[in-house]
Amino acid sequence: MDQLIQHLPKDRQAPRLWFRRLSIFSEPGTANIVRTVPFRRGLNVVWAKEPAAGSAVGLHAAGHGVGKTSLCLLLRYCLGDPSKAVTELRDELHSEFPKGGVIAVMNVEGRSFTLCRYFNPHKDGFAIDSEGTEDIWAQEADSTDRDFLKRLASDMMSSVSPSNIPDTGQAIEWRHILAWVSRDQGSRFKSFFAWREGEGSGLQRGRQDPPIVMRAVLGLMDQSESLLLGRIAALEHELEQGKQKRADLQREPALIRRRIESNLRAMGSLPEDLPIRAAGLFDDSVENRIRTASEKVTSRVAQLELEQEQADQNLAELRADLKLRRSESERAVAEYDLADAGRRGDEEAYKSIGAKLLKLRNLAGHCEEGNIPFSHCQHVQTEISLLSLSSFQDQRDKQNLQNAMNASSGRAVAALVRKNQIASEVQALERREEALKTSLTKIRMSRRTAEFEASRWPNLLEELARWDGSAGSALAQTEVNALQAEIVKIERELGSARIQLALLHQDKSARERALASITDALTKALLPDGAFGAFDPRDEDRPFRLSMRGGEAYRVLEVLLGDIACMLDSAGSASSLPGLVIHDCPREADMSIGLYENFLSLVSALERHGFKDIEPPFQYIVTTTTPPPTDLQEGMVRLELDPSSNERILFRRRFGIEQSSLSGQGGGR
């Protein structure tokens with residue numbers, strides 16, 4: 001014990017963070033406080049007492065489900081732990097105590113604070129910058145609970161260096177340290193860096209980052225090591241990128257050729273064994289077939305171009321003819337309507353249709369009947385004269401009107417025949433127009449398809465020729481050589497940085513030696529029969545090791561002694577640990593009762609002999625179902641929970657029994 005005591009740092013007289021008491025209330029008011037748990041500096045045991053054999057049955061027969069894990073989670077809740085286990089407990093308690101919450105009186109960096117947090121996640125709590133009176137709800141708050149927890153996190157992280165993981169740049173946060181000093185019971189203390197079960201610690205890399213956090217918090221990573229780690233990470237990234245780019249450059253010509261060959265063979269439906277280029281003048285090859293196909297397609301494009309020009313011309317001529325025939329059809333219809341109006345003696349219709357026909361006849365054009373222009377056609381001129389007489393400038397000349405109507409009436413049958421004949425001709429021309437349009441559309445589509453196909457062959461052959469000219473060229477090789485030289489340079493710098501880091505690690509600092517001495521002294525005090533302990537801060541699995549081999553028992557003991565060693569070292573100015581450690585029911589069953597009792601007795605003896613007449617600069621809170629040694633049951637057992645009576649469990653009543661039993665989640669709290 002004396003050897004251990006002489007290695008303990010005593011720069012700090014008190015933990016940076018420790019609890020004075022924790023109170024649970026069902027609703028605001030001192031009369032509604034369900035339970036208050038007092039804490040002290042040094043060892044604090046929460047004992048879930050097992051009833052005597054045969055004295056209880058069912059839920060009252062075991063020390064489980066009485067609230068020891070819930071107590072640890074409430075302490076974590078008051079420290080701002082955002083983990084899933086804490087959130088689930090808060091929600092469960094909110095359903096049981098809708099207006100309830102928890103009050104924590106704690107010391108932070110030598111100052112007392114009182115924090116009130118409600119179980120309702122939507123209700124703000126408050127903090128008082130003092131220990132507070134009994135009725136804290138009557139006091140004026142200094143800040144909200146969230147603001148207090150932000151300040152707490154900032155205070156706890158103020159001296160951590162570096163503040164970021166050198167390799168990834170991720171910030172080291174209070175929640176990462178909190179995961180370490182208040183391990184989940186679910187992690188089962190199976191390894192030193194197993195801090196949280198399932199959800200993890202929030203660090204990006206589950207294996208590499210916790211050791212870095214530990215070293216940063218313990219003050220074991222100086223600025224030179226941090227810079228070296230960052231430099232190594234950057235060089236490794238540059239090296240990986242350089243090698244990838246080099247591989248791409250070396251692989252690129254083959255990939256290009258493979259793509260071109262694949263496209264050429266696919267377009268021509270050519271076999272895989274047909275060579276790209278012919279070895280002899282008359283040998284077959286992909287290139288020869290492609291050129292032949294390209295020439296055929298080019299010829300086809302030229303033929304389709306001629307067909308399209310002819311089709312365009314035919315359609316234009318037909319549309320001009322159709323336009324004339326439609327004009328003639330309109331005149332024939334008007335002539336028939338005029339003759340029919342004269343036959344019926346319809347004066348108004350005759351005058352209206354006659355005026356329309358006169359307008360049509362005055363149009364410029366060609367007369368089909370006489371095969372001469374309208375202006376020279378005697379028939380047209382005679383008709384115009386008759387219609388002029390029917391314009392009725394002199395409305396009194398009824399005889400002229402009657403004569404004109406009689407003349408038109410005599411032509412009614414001939415006008416009908418001509419109208420029908422021209423209409424039939426117009427329909428035939430319209431059908432022919434649709435056929436020509438359809439044919440022209442097909443020709444245009446064929447031409448576009450052929451033009452697209454024709455353009456692909458030369459493009460692929462030109463690309464293949466360009467590849468042949470660049471692959472293996474001096475320019476391409478120069479680029480590869482330059483990249484290779486850069487890779488060699490990076491590898492040289494990386495090797496140098498790694499050697500510097502290895503030399504730095506070989507030169508163990510005073511901090512590492514101090515922690516190694518505490519670990520060894522703790523081990524020898526607990527296991528005096530020749531055992532020793534070792535500390536390697538760069539071990540990503542077991543930084544604290546015992547020389548004893550005893551299966552799971554000693555693995556768990558390694559974790560416990562490692563945490564205790566770091567807690568004792570936190571009294572030194574170089575450490576950023578808060579000096580608080582919470583262990584929720586370590587695997588005492590795996591350690592045997594004797595070994596577990598000796599562990600607790602060691603912490604107690606260390607407190608009594610190492611810090612005579614003063615309070616120790618640490619706070620260790622541990623829950624257990626194993627009876628603590630008899631000499632610890634007075635004073636150091638801060639809460640005794642007993643399942644045999646509801647009054648002696650944490651919340652003084654059980655809740656959610658039916659739901660818990662159905663879901664299989666009833667035990668452990």
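The first residue of the sequence shown is numbered 1, and numbering continues consecutively from there.
A donor-acceptor contact shorter than 3.5 Å is absent between the side chain of Ser112 and the backbone of Ser130. In this structure, the side chain of His176 engages the main chain of Glu173 through a donor-acceptor pair within 3.5 Å. The backbone N or O of Arg40 sits less than 3.5 Å from a side-chain atom of Gln619, completing a donor-acceptor pair.
In this structure, Phe19 has no ring pair (Phe, Tyr, Trp, His ring centres under 6.0 Å) partners at least two apart in sequence or on a different chain. Looking at residues two or more places apart in sequence or on another chain, you find no salt bridge (Lys or Arg N to Asp or Glu O under 4.0 Å) involving Glu238. Every residue two or more places apart in sequence or in another chain that forms a salt bridge (Lys or Arg N to Asp or Glu O under 4.0 Å) with Asp145 is listed here: Arg117. Take Asp124 and apply the side chain to side chain donor-acceptor pair (under 3.5 Å) test, not counting sequence neighbours, and it matches Arg146. A search for side chain to side chain donor-acceptor pair (under 3.5 Å) contacts involving His609 returns nothing, not counting sequence neighbours. Here Phe39 pairs with nothing under the ring pair (Phe, Tyr, Trp, His ring centres under 6.0 Å) rule; sequence neighbours left out. Scanning for side chain to side chain donor-acceptor pair (under 3.5 Å) contacts around Asp129 gives an empty result, with sequence neighbours left out. Residues satisfying the side chain to side chain donor-acceptor pair (under 3.5 Å) test with Thr523, not counting sequence neighbours, are none. Residues that satisfy the ring pair (Phe, Tyr, Trp, His ring centres under 6.0 Å) test with His583, not counting sequence neighbours, are Phe189, Tyr620. A search for ring pair (Phe, Tyr, Trp, His ring centres under 6.0 Å) contacts involving Tyr596 returns nothing, not counting sequence neighbours.
Side-chain atoms of Asp184 and Ser187 include no donor-acceptor pair closer than 3.5 Å.
Using a 4.0 Å cut-off between charged nitrogen and carboxylate oxygen, Glu131 and Arg21 count as a salt-bridge pair. The pair Arg538-Glu512 meets the salt-bridge criterion, with a side-chain N (NZ, NE, NH1 or NH2) lying under 4.0 Å from an Asp/Glu carboxylate O. Between Lys524 and Asp520 there is a salt bridge, since a side-chain N of the basic residue sits under 4.0 Å from a carboxylate O of the acidic one. Under a 4.0 Å N-O distance rule, the pair Arg511/Asp569 qualifies as a salt bridge. Taking 4.0 Å as the cut-off between side-chain N and carboxylate O, Arg196 and Asp81 count as a salt-bridged pair.
Taking CG of Asp584 as the start and OG1 of Thr624 as the end, the distance is 10.0 Å to the nearest 0.5 Å. Separating the CG atom in Asp536 from the CZ atom in Arg542 is a distance of 11.5 Å, to the nearest 0.5 Å. If you take CG on Asn120 and CZ on Arg90, they are separated by 8.5 Å, rounding to the nearest 0.5 Å. If you take OG on Ser143 and CZ on Phe148, they are separated by 7.5 Å, rounding to the nearest 0.5 Å. To the nearest 0.5 angstrom, Gln185 atom CD is 3.5 Å from Thr69 atom OG1.
Side-chain contact check for Leu74 versus Phe119: some heavy-atom pair is nearer than 4.5 Å. Put simply, the side chain of Cys566 reaches to within 4.5 Å of the side chain of Trp180, judged on heavy atoms. Residues Arg175 and Ser83 form no side-chain contact, since every pair of their non-hydrogen atoms from C-beta on lies 4.5 Å or further apart.
Within the structure, no pair that satisfies the salt bridge (charged side-chain N to carboxylate O under 4.0 Å, His left out) test touches residues 2-11, not counting sequence neighbours. Counting only residues at least two apart or in different chains, salt bridge (charged side-chain N to carboxylate O under 4.0 Å, His left out) contacts with residues 161-170 comprise Asp167-Arg205.
A cation-pi arrangement, defined by a distance under 6.0 Å to the six-membered ring centre and an angle within 45 degrees of its axis, is absent between Arg545 and Phe192.
For the side chain to side chain contact (heavy atoms under 4.5 Å, CB included) with Ile564, the lone residue among Leu522, Leu526, Leu602, Ile518 that qualifies is Leu522. Of the candidates Leu577, Ile177, Val213, Leu218, Val160 forms a side chain to side chain contact (heavy atoms under 4.5 Å, CB included) with just one, namely Ile177.
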Derivation and outcome, side-chain contact (heavy atoms from CB on, under 4.5 Å), residues Glu607 and Glu615: CA-CA 8 Å; Glu607 178 182 341; Glu615 291 184 274; over 6 Å; no
Candidate pair Asp142 and Phe113, rule side-chain contact (heavy atoms from CB on, under 4.5 Å), full reasoning: CA-CA 10 Å; Asp142 294 299; Phe113 294 90; over 6 Å; no
Check against side-chain contact (heavy atoms from CB on, under 4.5 Å), Val581 and Phe618: CA-CA 8 Å; Val581 172; Phe618 63 84; over 6 Å; no
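In the displayed structure, Arg555 atom CZ is contacted under 6.0 Å by at most 12 heavy atoms of other residues, nucleotides or ligands. A 6.0 Å sphere centred on CD of Glu240 holds no more than 12 heavy atoms belonging to other residues, nucleotides or ligands.
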